[in-house]
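Data first, discussion second: the structure below is written as structure tokens.
Naming convention: chains lettered A, B, ... in sequence-line order (proteins, then strands); numbering from 1 in each chain. Please read these numbers as outputs of a predicted model, since none were measured by experiment.
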Number of protein chains: 2
Amino acid sequence: MATTTADQRRAEARAAYDAYLAQCPSRQLLARISDKWVTLVICALGDHRGPLRYSELARRIPGVSQKMLTQTLRALERDGLIGRTVTASVPPRVDYELTPLGHSLLEPIWHVKHWAEQHMPEIDRARTAYDGARDEPTGAVRASG
Amino acid sequence: MATTTADQRRAEARAAYDAYLAQCPSRQLLARISDKWVTLVICALGDHRGPLRYSELARRIPGVSQKMLTQTLRALERDGLIGRTVTASVPPRVDYELTPLGHSLLEPIWHVKHWAEQHMPEIDRARTAYDGARDEPTGAVRASG
DNA sequence: CCGGATCCGCGAAGATACTG
DNA sequence: CAGTATCTTCGCGGATCCGG
């Protein structure tokens, strides 16, 4: 009967995972802010310290597609982190801005950014060392870090 | 060769995006920690305050596949955030632990987690309000969660 | 038996063209 | 200018097999 357990184990694992996420609020938020576009949008709005238009936001986040930007903005709006203001004039203007709640998220994110800026060189060195070690296991000549 | 325009634009955008990431260290780290498994692994190791085996780590992060766990662990090892200790005995044992660098990342991450725990209810309320508003723009009576 | 690498299927991310 | 629909591509997740 060992073969039938595969499906059961999948269901169990799924349920356990779901329950795990459900019981732990930080995990839910983690899942939200772990999205890179979310963080970039928050940072962009926070950096500008004011409302930004859709296109302006897209301009500040190179590499983002309209789809993902819209999707991210909708998600953030739904979560109450950003506000969406529509000016229904001939040139459609939509402004996005951080809500107080979204603004409060900037602080913890700033800590992470700060850490990143401080320790990025170390990480870069670690990467080089790791890659170099993998490339030359015998340990002959290692590239300068 | 008009068809190459699309490819060119893609390459340009890609290059711009890449350059954007390259010039901004925080973006690089952001791209790394924006991976939810990364954060979960870091938190799991930090929470346990000691080395954890591969299977033990997988047990503490329900829903993660072996592939992603291994992939994440490799990336973190490469970045010098975690250490990997292989005990090549008859029962293969591989222990992972936070390096000092990885440990220092715990603090900023903790801030984020803390924020999440504090503001999750607000976000939940915002979501409900948003969904409710979308469901009944006219203001009809609708009693869905 | 544990740790991990590989292959396959699926769903989401991404780019493009189109609409209001 | 803002946003949507469609197609493609890619990365995740799962199952299976391999090495120690």
Next on the checklist: I need the CG-C1' distance between Leu57(A) and dC1(D), as an integer number of Å.
Outcome noted: 14 Å
Checklist entry - Which residue lies toward the 5' end of DNA chain D, Pro91(A) or Lys67(A), if each is placed at its nearest nucleotide? => result Pro91(A)
Checklist entry - Roughly how many Å is it from CD in Gln71(A) to C1' in dA15(C), rounded to a whole number? => result 14 Å
Item to check | Whether Thr72(A) side chain and Trp37(A) backbone form a donor-acceptor pair below 3.5 Å | outcome: no
Checklist entry - Please give, in whole Å, the distance from dG13(D) C1' to Leu69(B) CG? => result 13 Å
Checklist entry - Counting side-chain heavy atoms from C-beta on, which of dT16(C), dG13(D), dG4(C) comes nearest to Thr70(B)? => result dG4(C)
Next on the checklist: Check the phosphate of dC2(C) against Ser55(B), side-chain N and O only, distance under 4.0 Å to OP1 or OP2. Yes or no?
Outcome noted: no
Checklist entry - Think Arg84(A) has a side-chain N or O under 4.0 angstrom from the OP1 or OP2 of dG3(D)? => result yes
Checklist entry - Separation of Lys36(B) atom NZ from dG11(D) atom P, in whole Å? => result 16 Å
Checklist entry - Roughly how many Å is it from CH2 in Trp37(B) to P in dC12(D), rounded to a whole number? => result 11 Å
Item to check | Length of the line joining Arg53(B):CZ and dC1(C):C1', which is rounded to integer Å | outcome: 12 Å
Checklist outcome for this item: Side-chain contact check for Ser65(B): nearest option of dG3(C), dG14(D), dT4(D) is dG14(D)
Next on the checklist: If the threshold is 4.0 Å, N to carboxylate O, is there a salt bridge linking Arg49(B) and Asp47(B)?
Outcome noted: no
Next on the checklist: Students often get this wrong, so: under 4.0 angstrom with heavy atoms, is Val90(B) touching a base, only sugar-phosphate, or nothing?
Outcome noted: base
Checklist entry - Counting heavy atoms not belonging to Arg59(B), are there more than 12 under 6.0 Å from its CZ? => result no
Checklist entry - Considering only dG3(C), dG13(D), dA2(D), which nucleotide approaches the side chain of Tyr54(B) most closely? => result dG3(C)
Next on the checklist: For Arg127(B), is the CZ atom crowded, meaning more than 12 foreign heavy atoms sit under 6.0 Å from it?
Outcome noted: yes
Next on the checklist: What is the distance, to the nearest angstrom, from the CG atom on Asp35(A) to the P atom on dA13(C)?
Outcome noted: 7 Å
Checklist entry - Which part of the nucleic acid, if any, lies within contact of Arg93(B), taking any heavy atom under 4.0 Å across all strands shown: a base, the sugar-phosphate backbone alone, or nothing? => result nothing
Next on the checklist: By the 4.0 Å heavy-atom rule, please label Gln66(B) as base, sugar-phosphate, or nothing.
Outcome noted: nothing
Next on the checklist: For the CE atom of Met68(A) and the CG atom of Leu40(A), what is their distance to the nearest 0.5 Å?
Outcome noted: 11.0 Å
Next on the checklist: Does Pro92(A) reach a base, just sugar-phosphate, or nothing at all? Heavy atoms under 4.0 Å.
Outcome noted: base
Checklist entry - Nearest-Å distance, CG (Asp95(A)) to P (dG3(D))? => result 10 Å
